[in-house]
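Quick notes on the structure that follows.
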Amino acid sequence: MRKINPFKPTAGAEPPVLAGRDTVLDDFEIGIEEGIGAPGRLMRITGPRGSGKTVLLTELGDIARRHGWRVVDVTAAEHLPEMICRRLEKTDALDYSVELDLMVVKAKAQKEEPHRHEDVYEVLSRVTGKLTEKDKGLLVTIDEIQDASVEDVREIAVAIQHLIRERRNIALVFAGLTAGVMNLLGEDGPTFLRRAYPEELDTIPVDEVEAALKATFEKSGVCIGMDALATAADSTAGYAYLIQLVGYYVWRAAQVRTGGELDAISMEDVERGIVSARREFERTVLETAIAHLPKMAMEYLLAMTKDKRASSTGEIANRLGVPASSLSTTRKLLVSRQVIEPTARGYVDFSIPFMREYLTKNREALLARYGVEG
Ligand SMILES: Nc1ncnc2c1ncn2[C@@H]1O[C@H](COP(=O)(O)OP(=O)(O)OP(=O)(O)O)[C@@H](O)[C@H]1O
Ligand SMILES: [Mg+2]
């Protein structure tokens, strides 16, 4: 029988083996066990697109559930506090339907009606009150928090801070793009959230990538040699999405070669797989990020490729032969499109791995789109 490809190169999809997250999972679990005030109960996860933020929220939710906690997952949008309240009320109704027969549910639902006008603090207080009595708790996860308004985030932060003071079992984990989250928690952001335990999802160490790839292949009864494994792991640059992409296409190359009876991965499969994975990554991530940019924005990015690391915004203006002040709209556009991010005052860097290499390699073709010779 044909073996199923175990890799999951899809946004939000749980990977077959989670690489490089042991410490953060342990810290969170300790936070649940240690009780009120433990640092793991208030956590912020930041990282670029495809670094594994959503997957990590799901894993933390699983840990909380294993400890009998309730979990409410939301993705930031307008009216975030109301969304949290609605979700909690819906699951409340579901819980009752398990416990009670339909008549009682109806009666309860009617009784619950006045809660409609409760604010987020009141709803969280009611829910965590009941849970804390039973020695359980509530985990709230917020994904894509950079898209929330400061007011909404402050309202939720104030409510949770109060509940912690009231000794309720509550945990909050929020995730978002690094620059966006820093912006949100910046000068007028809620101080309480600025002190959240920070987990920046930068590159996963190559030995942990190797271990995850090896374990994934072996779980499916497929072996892979040390050299092939090292080459595959190296090509991911420790970037979560690429771990799945490389694994997926290496598997596929091997399947094509063997015609279905897959039991081992060769170096040739790895080399072919890496080429396909890189092509897919360029198409879905890099090309999507820079499609339809104005000409000046493209020139700005190409000027950045001269640096090996973060670029000085003043130096970029020099290279383009224009005053620095004339580039602020372009810079803002590129930051809002998540192609670049500020790393310090007056410095920017690419937010996506391999963007620099991609731009350098395709410089002429990219400029030709704007009728410019490279
Ligand atoms: N620790 C990990 N080990 C291996 N693969 C992972 C890990 N974390 C995430 N992945 C894989 O990486 C891909 C991206 O994960 P995820 O959607 O969680 O990223 P994200 O940071 O939320 O991205 P976005 O900013 O686009 O929402 C998925 O294919 C997922 O299976
Ligand atoms: Mg995500």
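Residue indices begin at 1 and follow the sequence shown. Whatever order the structure lists ligands and atoms in, that order sets their numbers, starting from 1. Computed over heavy atoms, backbone and side chain alike; hydrogens, waters and symmetry mates excluded.
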Problem - Phe354/Tyr239 aromatic ring centres below 6.0 Å - result: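 That pair fails the under 6.0 Å test.
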Handout entry: Ring center gap for Tyr358 and Phe350 short of 6.0 angstrom
Key =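 Between Tyr358 and Phe350, the centre distance exceeds or equals 6.0 Å.
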Could you tell me which atoms of ligand 1, counted from 1 in the order shown, lie closer than 4.0 angstrom to a heavy atom of [X]?
| X | value |
| --- | --- |
| Glu144 | 27 (O) |
| Pro9 | 29 (O) |
| Leu18 | 1 (N), 2 (C), 3 (N) |
| Ala240 | 5 (N), 6 (C), 7 (C), 8 (N), 9 (C), 10 (N), 11 (C), 12 (O) |
| Pro48 | 21 (O) |
| Lys8 | 28 (C), 29 (O), 31 (O) |

Quick one: look up the protein heavy atom nearest [atom] and list residue, atom name and how far away it is.
| atom | answer |
| --- | --- |
| atom 24 (P) of ligand 1 | Arg49 NH1, 3.2 Å |
| atom 3 (N) of ligand 1 | Ala19 N, 2.9 Å |
| atom 13 (C) of ligand 1 | Tyr241 CA, 3.7 Å |
| atom 5 (N) of ligand 1 | Gln244 NE2, 3.0 Å |
| atom 22 (O) of ligand 1 | Thr54 OG1, 2.8 Å |

I need the contact type for [X] against ligand 1. Using non-hydrogen atoms and a strict under-4.0 Å cut-off, is it side chain, backbone, both or neither?
| X | value |
| --- | --- |
| Lys53 | both |
| Ala175 | neither |
| Ala13 | backbone |
| Val17 | backbone |
| Pro15 | both |

Any luck finding a side-chain donor-acceptor pair between [X] and [Y] under 3.5 Å?
| X | Y | value |
| --- | --- | --- |
| Asp349 | Thr343 | no |
| Tyr248 | Asn5 | no |
| Glu144 | Thr75 | no |
| Asp269 | Ser266 | yes |

Problem - Closest to atom 18 (O) of ligand 1 among Thr236, Ile45, Val55, Leu213 (heavy-atom distance) - result: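 Looking at heavy atoms only, Val55 sits closest to atom 18 (O) of ligand 1.
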Handout entry: Option with minimal heavy-atom separation from atom 9 (C) of ligand 1, where the choices are Gly238, Gly176, Gly52
Key =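 Residue with the shortest heavy-atom distance to the ligand atom: Gly52.
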Exercise for the section: Give a yes/no on ligand 1: does Gly20 have at least one heavy atom closer than 4.0 angstrom to it? Expected result: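 Not so, Gly20 does not reach ligand 1.
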Handout entry: ligand 1 contacted by Gly50 (non-hydrogen, < 4.0 Å)
Key =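 Judged by the 4.0 Å heavy-atom criterion, Gly50 does count as contacting ligand 1.
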Exercise for the section: Flag Gly12 as yes when one of its N or O atoms lies below 3.5 Å from any N or O atom of ligand 1, and as no otherwise. Expected result: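 Yes.
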Handout entry: Thr10 N/O under 3.5 Å from ligand 1 N/O
Key =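 Yes, Thr10 has an N/O under 3.5 Å of an N/O on ligand 1.
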Could you pull out the closest heavy-atom pair between [X] and [Y], with the gap in Å?
| X | Y | result |
| --- | --- | --- |
| His67 | Lys136 | O-CD, 3.8 Å |
| Asp152 | Ala77 | OD2-O, 4.4 Å |
| Arg278 | Ser235 | NH2-O, 3.9 Å |

Surrounding [atom1] of [X] (heavy atoms of other residues, nucleotides or ligands, distance under 6.0 Å), is the total greater than 12?
| X | atom1 | value |
| --- | --- | --- |
| Arg194 | CZ | yes |
| Arg272 | CZ | no |
| Lys214 | NZ | no |

Problem - Between OG on residue Ser311 and CE on residue Met304, distance to nearest 0.5 Å - result: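 That separation rounds to 4.0 Å.
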